[in-house]
Protein chains: 2
Amino acid sequence: MYTETAMLGLDVPLRASERAYRQLRGEILNGLLAPGAALLEVEQAERIGVSRTPLREAVARLIADGLVVGRRGRGFEVTDISVDSISELYELRQALEVQAIRLAATRRDPAPFVELRGAFLTAPELLEQGDIGVHRYYALIDELEDAVDAAVENPFLVGALRAVRTHLARIRRLARRNPLRLRAAAAEHLLIIDAIIAGDPSLAAHATHIHLHQSLLSVLAAIDEDSASSRSATAAD
Amino acid sequence: MYTETAMLGLDVPLRASERAYRQLRGEILNGLLAPGAALLEVEQAERIGVSRTPLREAVARLIADGLVVGRRGRGFEVTDISVDSISELYELRQALEVQAIRLAATRRDPAPFVELRGAFLTAPELLEQGDIGVHRYYALIDELEDAVDAAVENPFLVGALRAVRTHLARIRRLARRNPLRLRAAAAEHLLIIDAIIAGDPSLAAHATHIHLHQSLLSVLAAIDEDSASSRSATAAD
DNA sequence: ATTGCGGTTTCTGTATACACAAGAGCGATC
DNA sequence: GATCGCTCTTGTGTATACAGAAACCGCAAT
C-alpha cells in the first residue's frame, strides 16, 4: 500500500516507519527478538536509528499483525508461542487453506500449476542436495502459495492467509526440519496440484485437509522431541 | 488490549488515540463517513479534537482493519464496498464460520446454547413487534456469536471472525432488512443451535453453510433491488 | 483549445519537547 | 526486621514545529 517502489531491491529511500516495521518484523520472525522480549520505545528507536514517532507506527502495525502485544503498564513485548497456540493457528489455517484451495481448483488458469507440477516432480532429488536443495524446495512452496493466491482472486481470503503465514514462519523456526517429512509433504503437495489442475475442488480440499493434519502432527512431534532431547532433526511442511 | 477500564460505560478518561479510533470507526461503520470519503489528517484531527499524532495512530489501526486505505499521494480514504467484494467477504466468512461452528459443536458447554435456544424460539413473535423487536433480535444474534466465540476458544479464529464482522456491519447498512428473510434466518439459527447442543459438528457445519448461502443471496438480491428501484424493503441476516 | 511548465500551497513524514503516570528503590517507622 | 510511604526515575501519551514532497492553479506557448 505505501511505496510501490520496492520492486527488485531498488533501495529507494524508504520511509522511516517502514524501515522500522520491516526490521522489527524480520527480527521477530527469525527469532532474533525472542518471544517475551520487551520493546522499549526509546531503546528500539535509537537502535534502529529513527525517532519515536515512526517507531510507534511500526509497533502499532506489529500489534495488528499479532506479533507484539502491549502490556499493562510499561511498553510492549513480543508475543510468545505456546503449543496450544500452534494448534489454534492450525485450526484457522485449516479453514483458510481448504477454502483457498477449493476456490483455486474452481477458478484456476491451469498453466502455472502445470509448470509447478513439473517442479514438484523433481522435489525428491532436490531434497537429496542438502541445505541448498531444501532452500530451493521452500522457494517452490512459496511459488505454489503465490499461484494459489493469484487463482483465488479474493483479497479478504488472501489477506487472512498472509497473516497466518506470518505466524507460521515463527513456528517453523521452533522445529528443525525432518527430511522424511519433507519428502512426504512434497507428495502431498503434488496431489493438491494435480487436483487443482484437474479442476476438482473437492479432491483438492480433502488433500489439503490431510496435508495440514500431517503437517501439524509433524510440528507438534518435532517440538516434543526438541523439548525432550535438547536437539534433534525434525519437521515442518 | 489497551485500557481494560472501559467496562460498564465507566467513562474513564480514554486515550486520545483510542477516542479517535472509536469515533472514526463508528462513523465509517454507520455510513456517516461514506466509502471514498477523504480523510485529511489536520481536518479530522481538529474535528475530533485531538492532535495529529494520536489521529495518525487511529488511522493506522483503521488501515489494518481494512476500513481505510492510503492513497498514493494525498491522505487516506474510506474503503469502498463493491458487489464483488461482498461475495469475496462471504467466501472468507463461510470458511471461518463453518470452522468456528464445527469447533463450537465439539467443545461447547451446552448451557448457554440451551438458553439461547429458548430465546430464538420466541424470534417469530419478536419479529412481529416492529423495529424494537428487530433490534432485540439482532441482540440475540450478537449473543449467539459471543457464545460461539467463547465455545471455540481460539483467539486466532475469533480474531479473524471479528474482522469479518466489522465489514459485515457496513454491508448490512447497504441492504434494508426483509422481514421474511429474518424469519427464515431465525429458523436457520435455531437449527445451528440445536446441532451445537446435540454436539453434532457435521450437522452444525452444513447448517451454517446453508445459512450463509441464503444470507448472501438475500444481501445480493437486496442490493440489486436497491439499485434498481431506489428504495425497498430488503434483507440481511 | 489544449498542453506543458513553474510557482504556490497544502499535506504528510519525522523529530522533539513536555506532561503525566507507573515502578523501583530507599528510608523511616512500628 | 518488616512494612508502609515517599520520592525519583523512567517510559509512554500527546502536542507541535519543521522539512520535504506532491497536487493544484494559472500562465503561456503551440
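Keep in mind the model is a prediction, meaning the values are calculated, not measured. Order of the sequence lines fixes the chain letters, A, B, ..., with proteins taken first and strands second; residue numbering starts at 1 for each chain.
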Below 4.0 angstrom from OP1 or OP2 of D:dT14, is there any side-chain N or O of B:Thr53?
-> no
In whole angstrom, give the distance that lies between atom CD of A:Gln44 and atom P of D:dT10.
-> 18 Å
Of the non-hydrogen atoms in B:Pro35 and B:Asp80, which two are nearest, and what is the gap between them?
-> CB-CA, 3.4 Å
B:Glu18 CD to D:dT14 C1': how many Å, rounded?
-> 15 Å
At their closest point, which heavy atom of A:Leu33 faces which heavy atom of A:Arg47, and how far apart are they?
-> CD1-NH2, 4.4 Å
Spacing between B:Glu77 atom CD and C:dT12 atom P, to the nearest angstrom | 13 Å
Under 3.5 Å, is there an N or O donor on one side and an acceptor on the other linking the side chain of A:Arg52 and the base of D:dG11?
-> no
Check the distance between C:dT14's C1' and A:Glu46's CD and give it to me in whole angstrom.
-> 17 Å
Of the nucleotides D:dA15, D:dG11, C:dC11, which has the atom closest to the B:Ser51 side chain?
-> D:dA15
Does A:Glu145 pair with A:Arg165 as a salt bridge, N-O distance under 4.0 Å?
-> yes
Consider the side chain of B:Arg56, meaning its heavy atoms from C-beta on, and name the nucleotide among D:dT14, D:dT12, C:dT12 that approaches it most closely.
-> C:dT12
What is the distance, rounded to the nearest whole Å, between atom CG of B:Leu39 and atom P of C:dT12?
-> 9 Å
Hey, is the side chain of A:Ser17 poking within less than 4.0 Å of OP1 or OP2 on C:dG13, counting only N and O atoms?
-> no
Minimum-distance nucleotide (side-chain atoms of B:Arg15 versus D:dT14, D:dT12, C:dT14) = D:dT14
Using a strict 4.0 Å threshold on nitrogen-to-oxygen distance, state whether A:Arg61 and A:Glu57 make a salt bridge.
-> no
B:Arg19 CZ to D:dG13 P, straight-line distance once rounded to whole Å = 14 Å
Just how far, in rounded Å, is P of C:dA15 from CD of A:Glu41?
-> 14 Å
In whole angstrom, what separates A:Tyr21's OH from C:dG13's P?
-> 16 Å
Taking only the side-chain heavy atoms of B:Phe76 (C-beta and beyond), determine which of D:dG11, C:dG13, D:dA15 contains the nearest atom.
-> C:dG13
Using distance alone, with no hydrogens and no angle criterion, decide if B:Arg102 and B:Thr208 have a side-chain donor and acceptor under 3.5 Å apart.
-> no
